[in-house]
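All remarks here apply to the structure that follows.
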Amino acid sequence: MAPRSGKRKSNKAKAEKKKKEEKASAPTLVDITVFTPYDSLIVLKGTSTDKILDVRRLLAVKAETCHFTNYSLSHEAKGQRLNDRVEVVTLKPCLLRMVEGR
């Protein structure tokens, strides 16, 4: 008799699904240090799943930085003008600098 095809998941697919579930872990807290254009230091609390866009939102809420509207964030290893989709976890150490102009 010929084997059935396509009706059941293979053991390989189940093993891959288990590996993906094991990799997914709870987000951890990350300290994000930001230097403003006036060389003041701000430490933000973020999660490991945050992106640069989330850091910009956190800066907009802070009283010290809410008046900055036209800036980009830079990192010494990743360079000037970080993309908003860059994850904070990839920035080790997480020292950012606000650069005027976008």
Side-chain angles (χ1 to χ4, degrees):
M1 210 171 158
R4 293 185 179 187
S5 62
K7 295 248 178 177
R8 297 186 336 181
K9 287 187 178 180
S10 67
N11 288 337
K12 187 177 180 182
K14 288 180 185 178
E16 288 178 10
K17 185 177 179 183
K18 282 185 181 180
K19 285 181 185 178
K20 286 181 183 178
E21 289 175 359
E22 290 174 1
K23 287 182 183 178
S25 61
T28 58
L29 284 178
V30 178
D31 286 336
I32 304 165
T33 306
V34 180
F35 293 99
T36 65
Y38 303 118
D39 291 330
S40 61
L41 181 78
I42 295 174
V43 178
L44 303 171
K45 299 288 184 184
T47 61
S48 59
T49 58
D50 281 348
K51 298 183 184 214
I52 293 297
L53 182 64
D54 299 320
V55 174
R56 293 174 71 85
R57 288 180 184 155
L58 289 172
L59 289 170
V61 174
K62 285 280 199 186
E64 298 90 5
T65 57
C66 65
H67 61 280
F68 292 117
T69 56
N70 189 17
Y71 66 91
S72 60
L73 294 170
S74 67
H75 187 261
E76 61 185 29
K78 297 285 184 173
Q80 303 279 50
R81 293 183 146 197
L82 291 174
N83 190 342
D84 286 342
R85 293 176 298 229
V86 173
E87 291 187 2
V88 173
V89 174
T90 62
L91 306 173
K92 297 279 180 165
C94 195
L95 296 170
L96 303 175
R97 181 169 296 279
M98 291 176 77
V99 180
E100 292 184 55
R102 218 173 185 195

Working to the nearest 0.5 angstrom, can you tell me the gap between [X] [atom1] and [Y] [atom2]?
X: T69; Y: L59; atom1: OG1; atom2: CG; answer: 12.5 Å
X: R57; Y: I52; atom1: CZ; atom2: CD1; answer: 12.5 Å
X: S72; Y: L96; atom1: OG; atom2: CG; answer: 11.0 Å
X: K92; Y: K78; atom1: NZ; atom2: NZ; answer: 12.0 Å
X: Q80; Y: L73; atom1: CD; atom2: CG; answer: 10.5 Å

>> Checking T65 against V34 for the side-chain contact (heavy atoms from CB on, under 4.5 Å) test, could you report, in this order, the C-alpha distance in whole Å, the side-chain angles of both residues, the deciding distance, and whether it holds?
In response: CA-CA 10 Å; T65 57; V34 180; over 6 Å; no
Connected via hydrophobic side-chain network under 4.5 Å: [X] and [Y]:
X: I32; Y: F68; value: yes
X: L58; Y: L91; value: yes
X: V30; Y: V86; value: yes

>> Using salt bridge (Lys or Arg N to Asp or Glu O under 4.0 Å), reason through K51 and D54 one step at a time and then give a plain yes or no.
In response: CA-CA 5 Å; K51 298 183 184 214; D54 299 320; over 6 Å; no
> With a cut-off of under 6.0 Å to the ring centre and 45° to the axis, is R56 in cation-pi contact with Y71?
Replying inline: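 Because its charged atom sits under 6.0 Å from the ring centre and within 45° of the axis, R56 does stack over Y71.
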>> Taking the side chain as everything from C-beta on, heavy atoms only, tell me whether D39 gets closer than 4.5 Å to R97.
In response: yes
Got a list of side-chain donor-acceptor pairs under 3.5 Å for residues 41-49, not counting sequence neighbours?
unit_1: K45; atom_1: NZ; unit_2: D31; atom_2: OD1; d: 2.7
unit_1: T47; atom_1: OG1; unit_2: T49; atom_2: OG1; d: 3.2
unit_1: T47; atom_1: OG1; unit_2: D50; atom_2: OD1; d: 3.1
unit_1: S48; atom_1: OG; unit_2: T28; atom_2: N; d: 3.2

>> Which heavy atom of E100 sits nearest to which heavy atom of P37, and what is that distance?
In response: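 Where E100 meets P37 most closely, the heavy atoms are OE2-CB, 3.6 Å.
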> Of the non-hydrogen atoms in S74 and V99, which two are nearest, and what is the gap between them?
Replying inline: OG-CG2, 3.6 Å
>> Checking T90 now: which residues fulfil side chain to side chain donor-acceptor pair (under 3.5 Å) with it, not counting sequence neighbours?
In response: none
